[in-house]
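What follows is a short report on a single structure.
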Amino acid sequence: QVRLVESGGGLVQAGGSLRLSCTASGGTFSSYNLGWFRQAPGKEREFVAAISRSGRSTHDADSVKGRFTISRDNAKNTVYLQMNSLKPEDTAVYYCAAEGSSRWSTVVTGTKFDYWGQGTQVTVSS
């Protein structure tokens, strides 16, 4: 079973950038598809981005397309979320997640992730 720990959250002004990291332990990191999700106060958790086991395929939510980039380093057991041009509406707790058994077409729905980190707070001030 994989354990995920996020880091890199914080307070940033609108238009700024942050890079989130999520490091995994346990399991075989390269066998998992990985994703980032977020949950704002009073809202449901939403899918942000996903990356395939090899890193060759990625998928972003429309709300972050062109601003956020997901990447992974399998040698470091780490997945990243580079967030640029941040907006106040990006304020949320960000979670990384992993799943090891689905086809890519299912992964991008964001509905089959099995393992979750504890989350890291991102606050964007206007």
Side-chain angles (χ1 to χ4, degrees):
Q1 182 171 342
V2 65
R3 180 172 177 263
L4 304 168
V5 179
E6 302 95 336
S7 61
L11 174 64
V12 64
Q13 288 189 331
S17 298
L18 279 176
R19 188 176 81 155
L20 305 183
S21 300
C22 174
T23 301
S25 59
T28 303
F29 185 74
S30 59
S31 69
Y32 292 99
N33 296 301
L34 300 166
W36 286 96
F37 294 75
R38 65 187 182 186
Q39 187 167 20
K43 295 188 176 181
E44 292 188 354
R45 185 173 62 200
E46 65 170 336
F47 169 82
V48 174
I51 188 165
S52 64
R53 296 176 180 87
S54 66
R56 286 194 290 267
S57 297
T58 62
H59 179 72
D60 304 319
D62 288 344
S63 58
V64 305
K65 206 174 293 286
R67 300 188 298 123
F68 291 10
T69 302
I70 188 172
S71 62
R72 66 189 293 167
D73 186 337
N74 284 349
K76 295 183 178 180
N77 286 4
T78 301
V79 60
Y80 304 97
L81 185 68
Q82 178 67 44
M83 304 186 295
N84 299 328
S85 302
L86 283 159
K87 305 175 181 180
E89 52 263 42
D90 295 319
T91 295
V93 177
Y94 283 72
Y95 299 90
C96 71
E99 76 86 48
S101 59
S102 297
R103 293 180 174 226
W104 182 243
S105 57
T106 302
V107 172
V108 300
T109 68
T111 59
K112 297 295 184 182
F113 284 81
D114 305 305
Y115 306 104
W116 296 84
Q118 83 290 347
T120 186
Q121 176 71 47
V122 172
T123 303
V124 184
S125 63
S126 56

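The analysis underlying the following values was restricted to heavy atoms, covering all of them including side chains, and did not include hydrogens, waters or symmetry mates.
Ala49 and Asp60 make their closest contact through CB-OD1, 3.5 Å (heavy atoms, listed as atom of the first residue, atom of the second, distance). Nearest heavy atom pair, residue Ala98 against residue Val2, reads CB-CG1, 4.1 Å. Closest approach of Val79 to Cys96, counting heavy atoms only: CG1-CB, 4.5 Å. Between Gly35 and Phe113, the closest heavy-atom pair is N-CE2, 3.4 Å. The nearest pair of heavy atoms linking Ser101 to Glu99 is N-OE1, 3.3 Å. Residues Ala14 and Pro88 approach most closely at CB-CD, 4.1 Å, considering heavy atoms.
Using a distance-only test at 3.5 Å, with no hydrogens or angles considered, a donor-acceptor pair links the side chain of Arg72 to the main chain of Ser52. Checked by atom type and distance alone, the side chain of Thr78 pairs as donor or acceptor with a backbone atom of Lys76 at under 3.5 Å. Panel note: side chain Arg53, backbone Ser31; a donor-acceptor pair is recorded below 3.5 Å. No donor-acceptor pair under 3.5 Å is formed between the side chain of Arg45 and the backbone N or O of Tyr95. One N or O on the side chain of Arg67 and one on the backbone of Ser85 form a donor-acceptor pair closer than 3.5 Å.
The distance from atom OG of Ser21 to atom CG of Asp73, rounded to the nearest 0.5 Å, is 10.5 Å. Here the straight-line distance linking atom CD of Gln39 with atom CD of Glu44 works out to 8.0 Å at 0.5 Å rounding. Rounding to the nearest 0.5 Å gives a distance of 13.5 Å between OG1 of Thr109 and CZ of Arg103. To the nearest 0.5 angstrom, Gln13 atom CD is 9.5 Å from Ser126 atom OG.
Note: the hydrophobic cluster containing Leu81 also contains Tyr115 (ILVMFWY, side chain heavy atoms under 4.5 Å, direct or indirect links). Val93 and Val48 fall into different hydrophobic clusters, defined by Ile, Leu, Val, Met, Phe, Trp and Tyr side-chain heavy atoms under 4.5 Å apart, directly or through other members. Under a hydrophobic-cluster definition in which Ile, Leu, Val, Met, Phe, Trp and Tyr are linked whenever side-chain heavy atoms come within less than 4.5 Å, directly or via other members, Trp104 and Ile70 are assigned to different clusters. Tyr32 and Phe37 fall into different hydrophobic clusters, where Ile, Leu, Val, Met, Phe, Trp and Tyr residues are linked whenever their side-chain heavy atoms come under 4.5 Å apart, directly or through other members. A single hydrophobic cluster is not seen to contain both Phe47 and Leu4; linkage of ILVMFWY side chains at heavy-atom distances under 4.5 Å, directly or through other members, places them apart.
In this structure, the side chains of Lys112 and Val107 stay at 4.5 Å or more apart for every pair of heavy atoms. Between Thr91 and Gln121 the shortest side-chain heavy-atom distance falls below 4.5 Å. Residues Glu6 and Leu20 have side chains not in contact (no heavy-atom distance under 4.5 Å, counting atoms from C-beta outward). Side-chain atoms of Tyr80 and Thr69, non-hydrogen and from C-beta on, never get closer than 4.5 Å to each other.
For Lys43, the NZ atom sits in a loose shell: 12 or fewer heavy atoms of surrounding residues, nucleotides or ligands are nearer than 6.0 Å.
Remark: Arg38 engages Asp90 in a salt bridge, criterion side-chain N to carboxylate O under 4.0 Å.
In summary, the side chains of Asn77 and Thr23 do not present any donor paired with an acceptor at a separation below 3.5 Å, with no hydrogens or angles considered.
Taking the six-membered ring for Trp and the full ring otherwise, the centers of Trp36 and Phe68 sit at least 6.0 Å from each other.
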